[in-house]
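Convention: sequence-line order gives letters A, B, ...; per-chain numbering from 1. Since this is a predicted model, take the numbers as computed values, not measurements. Reckoned from all heavy atoms, side chains included, excluding hydrogens, waters and symmetry mates.
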There are 2 protein chains.
Amino acid sequence: MPSCRLAAWRAGADVNQALIFYHFGTVADLIDAACREAVDSSIDGYRQQFAAVGSFVELLRLGRELHDRERATGNVAIMAQLMAGAQSNERLAATARYCLARWNAELETVVARLVDGSAFDGLLDPAGLARAISSGFLGLELYEGVDSAGAHDALEALERLGVLVEVVDELPPIAQRALRVKLRRRTRT
Amino acid sequence: MPSCRLAAWRAGADVNQALIFYHFGTVADLIDAACREAVDSSIDGYRQQFAAVGSFVELLRLGRELHDRERATGNVAIMAQLMAGAQSNERLAATARYCLARWNAELETVVARLVDGSAFDGLLDPAGLARAISSGFLGLELYEGVDSAGAHDALEALERLGVLVEVVDELPPIAQRALRVKLRRRTRT
DNA sequence: GTCTATAAGATGATAGAC
DNA sequence: GTCTATCATCTTATAGAC
């Protein structure tokens with residue numbers, strides 16, 4: 001695939017309209033190529049930073065950085081269009097599925113590492129949590145475009161919640177045992 | 001505003017196309033009217049159920065019910081289009097802002113009631129949390145359209161997290177005091 | 001208020017010269 | 001491979017008869 005052309009097009013280069021169809025066939029194919037390239041390169045650029053994440057609060061901080069960057073590059077607007085279109089177009093849904101799966105895989109690795117050996121080991125599901133995080137991120141991206149002050153408040157609230165989670169993780173063993181006992185009683189019901 | 005017409009149009013009634021412009025002026029005005037009417041009636045129908053929510057897990061359950069209903073009525077698809085369009089169109093952004101503000105107000109009331117007097121009183125910000133919840137809900141709506149199994153996993157993970165929060169809330173006073181001390185030390189840093 | 005007809009503009013794509 | 005020209009179709013209206 002001529003992704004050099006794609007890069008030029010995304011940069012706003014003044015390319016002949018007919019050439020787009022010559023290279024990509026249909027718009028759906030173009031969008032697919034653009035999104036896959038965008039997510040692949042984005043993830044590639046963040047691999048080391050994901051690997052360096054050592055806590056939920058750090059993960060959230062990385063998320064905020066990513067959020068700012070993706071918005072500045074225009075990827076958020078593209079992703080918003082993609083997700084909206086995907087609701088009623090299976091071709092776009094397949095593209096979106098690829099992008100989400102890539103982010104999910106990255107997130108799941110991090111979440112599994114954080115949960116493993118912590119007080120939450122066995123209590124939380126890394127795969128499900130990764131999906132919850134990526135969909136939450138997605139929602140915040142869209143929310144930000146409409147009410148950026150509100151999005152900021154939401155992120156601050158989540159950060160406080162993250163600190164809370166970490167503090168629970170550092171609770172003395174007696175308290176943690178009490179927590180586990182209560183949890184077991186709850187989930188059995 | 002002739003919302004009777006709107007209802008007919010939304011029901012898929014075979015209305016003359018020119019009439020839409022006669023009644024609403026522009027498409028943006030039509031979308032605005034449709035969305036406001038949809039969110040107003042939706043919230044109206046859920047007021048009692050919101051009032052009955054007594055815990056975060058119950059709030060999540062109500063969210064799942066709402067999620068299913070909104071998807072079935074097609075409101076999710078409309079909201080997705082609205083949010084995507086709002087990213088680059090201020091007129092649509094204003095409409096979206098209204099819808100989000102209405103849900104936020106409802107959520108904030110519930111969250112404030114849940115936090116008030118609990119172990120999290122003063123530790124969590126109801127307004128920010130309400131916005132985090134509504135944007136998370138929004139993200140899940142979109143995610144569901146692309147990967148419904150993944151959305152289900154995400155909701156299950158969130159429910160487990162909710163149970164965890166409630167269990168922390170029921171921790172013995174000694175453990176809760178330890179938690180608060182640690183938290184204060186953390187947030188000062 | 002409601003209908004038919006029509007038009008301006010954008011979008012997605014193809015044909016064919018170079 | 002790249003360009004110009006042209007297309008069918010859809011969207012967003014407006015005009016004017018009834």
How far does CD1 of B/Ile43 sit from CG of B/Leu66, to the nearest 0.5 angstrom?
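Here the interatomic distance stands at 9.0 Å.
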In whole Å, I'd like the distance from the [atom1] atom of [X] to the [atom2] atom of [N].
X	N	atom1	atom2	value
B/Asn16	C/dT2	CG	P	10 Å
A/Tyr22	D/dG1	OH	P	5 Å
B/Ile20	D/dT11	CD1	C1'	12 Å
A/His23	D/dG1	NE2	P	6 Å
B/Asp29	D/dT12	CG	C1'	13 Å
B/Leu30	D/dA13	CG	C1'	13 Å

So which protein nitrogen or oxygen atoms get under 3.5 Å of nucleotides 5-12 of chain C's nitrogens or oxygens?
from   : atom 1 : to      : atom 2 : distance (Å)
C/dG12 : N7     : A/Gln17 : NE2    : 3.4

Who pairs with [X] by side chain to side chain donor-acceptor pair (under 3.5 Å), at least two apart in sequence or on another chain?
X	value
A/Tyr22	none
B/Arg180	none
B/Asn16	none

Please tabulate the protein-to-nucleotide N/O contacts below 3.5 Å involving nucleotides 16-18 of chain D, giving atom names and distances.
none

For A/Met83, what are the other residues in its hydrophobic cluster, where any two members join if their side-chain heavy atoms are less than 4.5 angstrom apart?
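Besides A/Met83, the hydrophobic cluster comprises A/Ile31, A/Met79, A/Leu82, A/Leu92, A/Leu100, A/Leu138, A/Leu142, A/Tyr143, A/Val146, B/Ile31, B/Met79, B/Leu82, B/Met83, B/Leu92, B/Leu100, B/Leu138, B/Leu142, B/Tyr143, B/Val146, listed by chain and residue number.
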Could you tell me whether [X] and [Y] have a side-chain N and a carboxylate O separated by less than 4.0 Å?
X	Y	value
A/Lys182	B/Glu166	no
A/Glu108	A/Arg113	no
A/Glu170	B/Arg186	yes

Quick one: label B/Gly25 by what it contacts on the DNA or RNA (base, sugar-phosphate, nothing), any heavy atom closer than 4.0 Å.
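Counting heavy atoms under 4.0 Å across all strands, the contact made by B/Gly25 is with sugar-phosphate only.
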